[in-house]
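Since the structure comes first, as structure tokens, the remarks are kept for the end.
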Amino acid sequence: MSDKQRYNAREIEPKWQRVWDDAQVFRAKLDRSKPKYFVLEMFPYPSGRIHIGHGRNYVMGDVVARFKRAQGFNVLHPMGWDAHGMPAENAAMEQKVHPAAWTLDNIETMKAQLKLLGLSIDWSRELATCDPGYYRHQQWMFLRFMEAGLVARKESAVNWDPIDMTVLANEQVIDGRGWRSGALVEKRKLTQWFFKITDMAEDLLSRLDTLDRWPERVRTMQRNWIGKSEGARLKFALTAPVPNAAEAIEVFTTRPDTLFGASFVAIAADHPIAQTLGGQDPKLQAFIEECQRLGTSEAALETAEKLGFDTGLRVKHPFDPSWTLPVYIANFVLMEYGTGAIFGCPAHDQRDLEFARKYGLPVKPVVLPPGADPNAFDIGADAYSEDGTLFRSQFLDGLTVENAKRAAIEKLQALGVGQRQITYRLRDWGISRQRYWGCPIPVIHCEACGVVPVPDAQLPVNLPKDINFDRPGNPLERHPTWKHVACPRCGNPARRETDTMDTFVDSSWYFARFAGPSETAAVDKEAVDYWLPVDQYIGGIEHAVLHLLYARFFTRAMHKIGLTSIDEPFAGLFTQGMITHETYKDLSGAFVFPEEVERREGGVAVKRGTNEPVTVGAIEKMSKSKKNVVPPEVVADTFGIDAARWFLMSDSPPERDSEWSDAGIQGAWRFVQRVWRMVSDSLDTIPAPGTLATQSMTGDALALRQLSHRTIAGVTDDLGAFRFNKAVARLYEFLNGLEKLKGAGSDFGAARREALETLSLLISPMTPHLAEECWLALGGTGLIVDAKWPEADPDLVRQDTVTLAVQINGKRRAEINLAKDLADPDVETAVLAFEPVAKSIDGHRVKKVIIVPNRIVNVLLEPAGS
RNA sequence: GCCCAGAUGGCGGAAUUGGUAGACGCGCUAGUUUCAGGUACUAGUACCGCAAGGUGUGGAGGUUCGAGUCCUCUUCUGGGCACCA
């Protein structure tokens, strides 16, 4: 290959990036003459540096943005920084840098890296959530939410590290111990701030049905998370009241039909009755403390061994006061769900069954499976939770589960001890964090006036800059002056709230801020009404529940206070897979970066320069901690960013994980070179720009035109449906065909020009720099980034003949070419007369012929001898 | 533990509503060119078999003329589980 032909990405890519920048082509404007399209990738946390794995997410969004632009949409494609969070505080502790300095440094680095990717981003809308210009509006919204009744203050449990005297995140609790101190973690109650997301549970649930451009599995996960269940709330009266606590235990159940199978009542360790009793009984207190040591994560609670403690209390059965049940404290009962108390029916609930077997409690079946013998039916190792008929249940006998539920609730109601109740698993959103690097909650605590909102005129409540992380705990709490303020209401000395907001709050409205940035308001209403909702949101499946649910809540809350006119922020959602890479370890067992590894003959790997052997480990998600990351700079330098973009879009379907490999990026690099060679080699043989291919062409020219137009149709479909890998495969086929079809004459030249222009346009969303360079060489008008997406000519896309597979008794035996859409009887005649088929039939009687039009023919024969 | 996904050649993967399993890329094999090595081009490449043919989509059953696709059970891998973001 001569130097003249080689495509030099290192020079060409920055050149086009400058051209786009200078022309400000990606600057979004409110323009009602075009349909709008808002593309958004979940914004990054500025953790340090990006690796090529992060690139997949942004490139995917960029392909969509460029594709929609070409299709005539007014596209908004912004980028920003989810800049609050724990890693900045960890860095402050470990490296003695200020969280703000660390964060801003990272943003600078990562922005430069993102720019390298050649993304079509409107950087004028860039934002960082740690900027007081952003979070002041968040504080303002918090105050409006308070007025609208969307904020609550209540007790909830946190992981408390008694040595470091600090609150721990779940990920900082390892095997029940604090990650730094190693101390046994305690569950502690704090009064904290909440958003009342449960008020909107029903709407958040039912509107999921309308989100038809969301993956079904994300909707399912959200449905399960909200966890609507219908059942009953009922009281079990205590045989003897607990002094200063209660006369009855209230439980929630979804199975009131099984009440006659009840054998115990269990309450949570932090249930008020348990707390009261614990004060009187040291053994019980010890058990409660053991339960609390499990921390607050659901996974930890659920995987722990199911344990109970008999309180000695007894309750009366609501349908038969002479029948009493024991009351246990159980570690699997959660105070946060329902009433913090359950009744156990071991025969029809697996968890209750295991508990009953462990503590020797009765197991009495009351639901009979269809067809089972009531005298013989017994429960073994498995509870029976399916449908059936009630028995041994007095007035419920003979009813189905469904009817028995209804009858039981009616009876409870008549007796005045219970009623129908709908419960959600969803809990209110606790937004309090006892940390520094977050948005301060704008309230003041005054001894006389109580909780007082910070007046709007005093916003933002800025974080103090002079803090230190020498000691664990919240620096805001121990700052000498920051929290001491005068009460806005009475003027007496008061105390600032030192909790900051969960970073999920920051990311719950940034898309609205992108759409309508404003100096004076949280959002510019006109702009937000124009751009929202986000037409295509792209991010990892790990955000399927929390982030997406919180953003849906927040959008409703913003609507309620008049900031927006919509309830659903994301009309379309795509969840992409992660980029993985091999891991490498040196002799000391330390991870080694891929760039330091050299692969030798026979699969041996050594450390570059030193010849120290390196072991090749599992293929895992790219992460800094495992060092299996590839920096975008290195890729851009060796292969060009277009090759990387092409590779990231090829191979795996976008929702799946995909492995980054040297071979893969080299293949992509070859594609870039081939495209360029094809274009530059053709320049001498194609007619001048503007020469059009015509309808009257025949032969190779027609064949090439058909290929071009079929590719247009296919790629357009694929890109619209997020099938980037298939679009890539089609473009390979196009290029292969283009290299093979060699015609001559002016017709072919014109068809070839059309094909090359088409190729440039079709690759432009994926490899925009290469496309610009080809477009320039071909003499296209203006920038390709402003060019219109090509349209397929239906006459050229249509196929006249089809290849049908012919099966004999379900086994494929032949292929036959027939006219498309041929009538069934004609197909049958043609197939039966077709020589290879006739040979197979040979003497057998044809029982039946199944014809699937344009696809397959299945000839069924009578077995021999019949 | 619970919820949600996924599993197809040596590898990444393709396969409209159930209708030719393996598109496309990587790798590999043989050849050509250039050249002494990384480029380009041509041909081949699921597995077994000389062939005819047979077998094949994590595993075990089932439905169907026909199953990668639907149903039941099961194994393994990944994501989430409310203070990682």
Side-chain angles (χ1 to χ4, degrees), chain A residues 1 6 42-45 47 82 84-87 90 156 158-159 167-173 215-218 220-225 227 296-306 332 336 350-351 425-435 502-504 506-507 540-547 549-550 575 577-578 580 620-621 647 650-653 655-659 661-664 666-668 670-671 673-674 677 723 725-726 728-733 736 739 803-807 809-815 847-860:
Chain A
M1 189 188 292
R6 189 159 282 224
M42 290 178 185
F43 66 164
Y45 178 80
S47 57
D82 189 10
H84 278 139
M86 275 200 322
N90 293 337
S156 86
V158 294
N159 300 308
V167 177
L168 299 177
N170 281 335
E171 70 159 11
Q172 297 173 324
V173 179
E216 188 52 50
R217 63 164 161 158
V218 173
T220 306
M221 282 191 250
Q222 291 215 355
R223 265 183 215 114
N224 291 339
W225 187 262
T296 59
S297 101
E298 191 183 307
L301 298 177
E302 289 278 338
T303 47
E305 190 191 357
K306 308 281 175 286
F332 60 88
E336 285 83 7
Q350 191 60 33
R351 203 158 52 171
R425 203 184 76 100
L426 180 69
R427 310 201 292 258
D428 276 333
W429 174 13
I431 61 157
S432 279
R433 297 292 180 271
Q434 292 71 41
R435 300 187 202 291
D502 179 8
T503 58
F504 274 127
D506 301 350
S507 56
I541 186 70
E542 67 273 19
H543 293 294
V545 176
L546 293 182
H547 162 60
L549 194 61
Y550 291 151
T575 52
M578 279 167 298
T580 59
E620 296 190 63
K621 171 183 160 187
F647 176 48
S650 67
D651 283 0
S652 298
E655 67 276 13
R656 266 213 246 159
D657 288 355
S658 180
E659 193 195 339
S661 68
D662 266 2
Q666 277 169 29
R670 278 200 292 269
F671 173 80
Q673 297 296 334
R674 271 173 74 195
R677 200 168 347 108
R723 291 186 299 250
N725 55 325
K726 289 195 70 188
V728 164
R730 259 183 229 282
L731 286 163
Y732 269 113
E733 281 175 304
N736 291 344
E739 282 169 353
T803 306
L804 287 159
V806 182
Q807 296 182 335
N809 287 337
K811 298 238 176 215
R812 193 175 70 94
R813 290 291 181 232
E815 274 181 6
K847 193 164 71 176
K848 197 177 176 188
V849 179
I850 294 159
I851 297 170
V852 182
N854 300 322
R855 281 183 180 282
I856 201 166
V857 179
N858 193 1
V859 181
L860 301 181

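In the text below, chain A, chain B and the rest are named by the order of the sequence lines, each starting its count at 1. What you are looking at is a predicted structure, and each value in this text was computed from that prediction instead of being measured.
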Short N/O separations, protein against nucleotides 26-30 of chain B, under 3.5 angstrom:
{"from": "B:C26", "atom 1": "OP1", "to": "A:Arg670", "atom 2": "NH2", "distance (Å)": "3.2"}
{"from": "B:G27", "atom 1": "OP2", "to": "A:Arg670", "atom 2": "NH2", "distance (Å)": "3.3"}

Which atoms of nucleotides 64-69 of chain B (N or O only) lie under 3.5 Å from a protein N or O atom, and what are those distances?
{"from": "B:C65", "atom 1": "O2", "to": "A:Asn858", "atom 2": "ND2", "distance (Å)": "2.6"}

Every protein N/O within reach of nucleotides 51-54 of chain B N/O, cut-off under 3.5 Å:
none

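Applying the salt bridge (Lys or Arg N to Asp or Glu O under 4.0 Å) rule to A:Glu655 yields no partners; only residues at least two apart in sequence or on another chain are considered.
For the P atoms, the distance from B:A23 to B:G12 is 15 Å, rounded to whole Å. The same atom, C1', is picked in B:G10 and in B:C28; the two are 8 Å apart, to the nearest Å.
Ion pair A:Glu298/A:Arg425 flagged as a salt bridge, since at least one NZ, NE, NH1 or NH2 atom sits closer than 4.0 Å to an Asp/Glu carboxylate oxygen.
A:Asn736 has no side-chain polar atom (N or O) that falls below the 4.0 Å cut-off from OP1 or OP2 of B:A23. Contact annotation: A:Arg433 reaches the phosphate of B:C83 (side-chain N/O to OP1 or OP2, under 4.0 Å). Taking side-chain N and O atoms only, A:Thr503 has a distance below 4.0 Å to OP1 or OP2 of B:A85.
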Legend entry - Contact state string [nucleotides 4-15 of chain B, B base, S sugar-phosphate only, - no protein heavy atom under 4.0 Å]: SS-S----BSSS
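Between the side chains of A:Ser652 and A:Asp657, no donor-acceptor pair is found at a separation under 3.5 Å.
For A:Ile856, whose side chain is taken as the heavy atoms from C-beta onward, the closest listed nucleotide among B:C84, B:G19, B:C41 is B:G19.
Residue A:Glu739 contributes atom CD, which lies 16 Å from atom C1' of B:A43 at whole-angstrom precision. Atom CZ in A:Phe504 sits roughly 8 Å away from atom P in B:C84 (whole-Å rounding). A:Arg425 has its CZ atom 8 Å from the C1' atom of B:C2, to the nearest Å.
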Legend entry - Base-pair map of RNA chain B as dot-bracket, where | denotes pairing with a different strand and pairs are Watson-Crick or G-U under 3.5 Å: (((((((..(((......[....)))((((((.......))))))(((....)))..(((((..]....))))))))))))....
